[in-house]
A.B. asks: 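Okay, handing you the structure first.
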Number of protein chains: 2
Amino acid sequence: MSPKVSDEHRESKRKEILQAAMRVFIRQGYHAATMKDVVEESGLSRGGVYLYFSSTEEMMLALLEEMDRENENQAEELLRRHRTVGEAIDSLLGHLLEELVHIREGAIPVVFETFAAEWRRQTFGRLLERRYASAVSRFAELLRVGERRGEFRPRLPAETIAKMFVSFNDGLMADAMQFGAEAMDARGQIEAYRLSLRYLLGAAGRAAEA
Amino acid sequence: MSPKVSDEHRESKRKEILQAAMRVFIRQGYHAATMKDVVEESGLSRGGVYLYFSSTEEMMLALLEEMDRENENQAEELLRRHRTVGEAIDSLLGHLLEELVHIREGAIPVVFETFAAEWRRQTFGRLLERRYASAVSRFAELLRVGERRGEFRPRLPAETIAKMFVSFNDGLMADAMQFGAEAMDARGQIEAYRLSLRYLLGAAGRAAEA
DNA sequence: TTGGAAAATGACATTCGTGTCGTTTTATGA
DNA sequence: TCATAAAACGACACGAATGTCATTTTCCAA
C-alpha cells in the first residue's frame, strides 16, 4: 500500500509539462502546436503527458489561469511604489514599452492568438470577460484614486478612460507583435498616449495648454 | 476542339467559392475551417473546389487581396466628400463606430485571427507589412493635408499620430470582437479618442484649452 | 528486502481531413 | 446532331495526430 510519489512531485511535473507546452506555443503558435509536439518537447512519454493533460486546450487554460493569478495585485503594487498616481501611470507606460520591445519572445502573442481564434466558444469567452472586467476595474480604480487626491479632473468617466487604456494596450501589442516595436514606433506612440492621457485626465500642473 | 467554358464563368465560379469560404470562416473561424467545410458550404464537389484552390490558406490569401483592393482609394474618397480634414476624420470615426457595432458579422475577426496566428510566416508577414505601411501612409497623408491647410498644428510627427491611429483602431476592433461594442463602450472610447486627436493635432478653433 | 500500488511507457487502433484520379457530365464548334 | 475537350464529380488511399491500454518501472511502507 503506497501512493508512489506525491503532491510536490506531482505538482512540479505538472509545471514542467506546462513550461514545455509554453515553449512550444511560443515557438510555433498555439494552433500549430500538437500534443505530439508537447510530448517531444517535454521529454516524457505520450501516456505520461496524457496523465496530466488531455489536450493542448487544457494546457492553455491552465497557463492562462496561472498568468491571471500573477497579474492580480499589480495595481496596488504600483500605488505602493509611487507617490502620485501620475507617476504610477508613467511607470506603467514605461513598463509597457519594455514589454513591446520583447513581445515576440514572450507569451503575449500566444494569448492573443488563442483569444482571436477562440472567442466564439464559451470556455474562452467567460475567461476573456473576467480578464477584461478585471483589467478595466483595476485601472479605473487607479484613476479614481488620482481623482480623489485632486491630481486629476477627468473630462470623461474614469471607466471610459480605463477602457480606452485597455484597447490601446491591446492595439499596441497586436501591432508590436506583427510589425516589431521599431516599425510601429512604440516609443513615439506611447509618448503620444501619455500626452493624450494627461489631457483627458485634466492632470493638474502642466498638461493641457496649447 | 473547344475549351468548354471560359473566363467569365470561371471567374464567377471562383468568386462563388471564395464567398462560401468566407461564410465558413466567419461562422467557425479561420483555423477551425477545413476544405471539407468549404466544399460542403459551396455545394460543389471536392474535386471541383480543388480545381480552383488547394487549401484554405490560398482562399484566405485571395480574400485578403480582394479586401485590400477595395480599401485602396478610401483616403482620397474621404477628402473629396468633406470640406475640411477635421470633418473627414470625424466621418472616419463615425464609420469606425458603425463597424465596431457589427464587427462580429463581418470579416474583421477572421482577418484578425489569421494574422494573430500566422505572423511568423513570411507569406503573411509580407502582406501584413504592406497593409500596415499603406494604412499608416494614407492616414499620415490626410494629416499632412490638414497641416498644409492650416487646420492643424500637430504636437507630434504626423507619422507617429497616424501609427497611433492604426494601433488604436486595431485595439478597438480586438476588444469589440471579443467583448461586444456595448461592453467595451465603443461610443465613449471613440469620443475620448476624438478629443485626444484634436489635442494632439492642435486643431485650430476649439480643441485644446482646459 | 520485498510486496504492491501508483506512475510512466510506447505500440496500436481509430479518427478525420487531405489530395488524387479514373469516370461522368457539360458546353461548345463543326 | 455529334464529337471532343475541358469541367465537375466523388470514391479511395494516404498521412498525421489522437487517445487508449497492457506492460514495465518506480518508489514507499512494512
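Since we're looking at a predicted model, the values are computed, not measured. As a basis for the values below, the full set of heavy atoms in this structure was taken, side chains included, without hydrogen atoms, waters or symmetry mates. So you know, we letter chains A, B, ... as the sequences are listed, proteins then strands, and number each from 1.
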A.B. asks: Taking the basic N atoms (NZ, or NE/NH1/NH2) and the acidic carboxylate oxygens, is any pair closer than 4.0 Å for Arg198(A) and Asp90(A)?
C.D. replies: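 A salt bridge links Arg198(A) with Asp90(A).
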A.B. asks: In this structure, are over 12 heavy atoms from other groups packed under 6.0 Å from Glu105(B) atom CD?
C.D. replies: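 More than 12 heavy atoms, drawn from other residues, nucleotides or ligands, come within 6.0 Å of this atom.
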A.B. asks: In whole angstrom, give the distance that lies between atom CD of Glu57(B) and atom C1' of dT18(C).
C.D. replies: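 Nearest whole value for this atom pair: 15 Å.
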A.B. asks: Separation of Leu51(B) atom CG from dT20(C) atom P, in whole Å?
C.D. replies: 12 Å
A.B. asks: Taking the six-membered ring of Tyr52(A), is NZ or CZ of Arg10(A) closer than 6.0 Å to its centre and within 45° of its axis?
C.D. replies: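 Yes, a cation-pi geometry.
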A.B. asks: Answer yes or no on whether Arg14(B) is positioned over the face of Phe53(B), meaning its NZ or CZ is under 6.0 Å from the six-membered ring centre and within 45° of the axis.
C.D. replies: no
A.B. asks: Rounding to an integer number of Å, can you tell me how far Glu8(B) CD sits from dA6(D) P?
C.D. replies: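 Rounding to the nearest Å, CD of Glu8(B) and P of dA6(D) are 19 Å apart.
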A.B. asks: Specify the separation, in whole Å, of atom CE of Met59(B) and atom P of dG19(C).
C.D. replies: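 Going from Met59(B) (CE) to dG19(C) (P), I get 11 Å.
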A.B. asks: Distance alone, cut at 3.5 Å: any donor-acceptor contact between the side chains of Ser12(B) and Glu8(B)?
C.D. replies: no
A.B. asks: Is the closest side-chain donor-acceptor distance between Glu118(B) and His31(B) under 3.5 Å?
C.D. replies: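 Short answer, yes.
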A.B. asks: Side chains of Asp37(B) and Thr34(B): donor-acceptor distance under 3.5 Å anywhere?
C.D. replies: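 The answer is yes; a qualifying pair exists.
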A.B. asks: Rounded to whole Å, how long is the line connecting atom CD of Glu11(B) with atom P of dA7(D)?
C.D. replies: 14 Å
A.B. asks: Measure the distance from CG on Leu44(B) to P on dT25(C) and round it to the nearest whole Å.
C.D. replies: 17 Å
A.B. asks: List the residues meeting side-chain hydrogen bond (donor to acceptor under 3.5 Å, both in side chains) with Arg126(B), not counting sequence neighbours, and say none if there are none.
C.D. replies: none
A.B. asks: Counting only non-hydrogen atoms, which of residues 12-23 of chain B are less than 4.0 Å from DNA chain D?
C.D. replies: Lys13(B)
A.B. asks: Separation of Arg10(B) atom CZ from dA6(D) atom P, in whole Å?
C.D. replies: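 The distance from CZ of Arg10(B) to P of dA6(D) comes to 12 Å, rounded to the nearest Å.
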A.B. asks: Enumerate all atom pairs, one protein N or O and one N or O from nucleotides 16-19 of chain D, separated by less than 3.5 Å.
C.D. replies:
unit_1	atom_1	unit_2	atom_2	d
dT18(D)	OP1	Met35(A)	N	3.2
dT18(D)	OP2	Met35(A)	N	3.3
dT18(D)	OP2	Lys36(A)	N	3.2
dG19(D)	OP2	Tyr50(A)	OH	3.0
dG19(D)	OP2	Ser54(A)	O	3.3
dG19(D)	N7	Arg46(A)	NE	2.8
dG19(D)	N7	Arg46(A)	NH2	3.0
dG19(D)	O6	Arg46(A)	NE	3.0

A.B. asks: Write down the distance between CZ (Phe53(B)) and P (dT18(C)), rounded to a whole number of angstrom.
C.D. replies: 15 Å
A.B. asks: Return yes if some donor-acceptor pair links the side-chain N/O of Lys163(A) with the main-chain N/O of Ala183(B) below 3.5 Å, else return no.
C.D. replies: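 Yes; judged by distance alone, with no hydrogens or angles, the pair exists.
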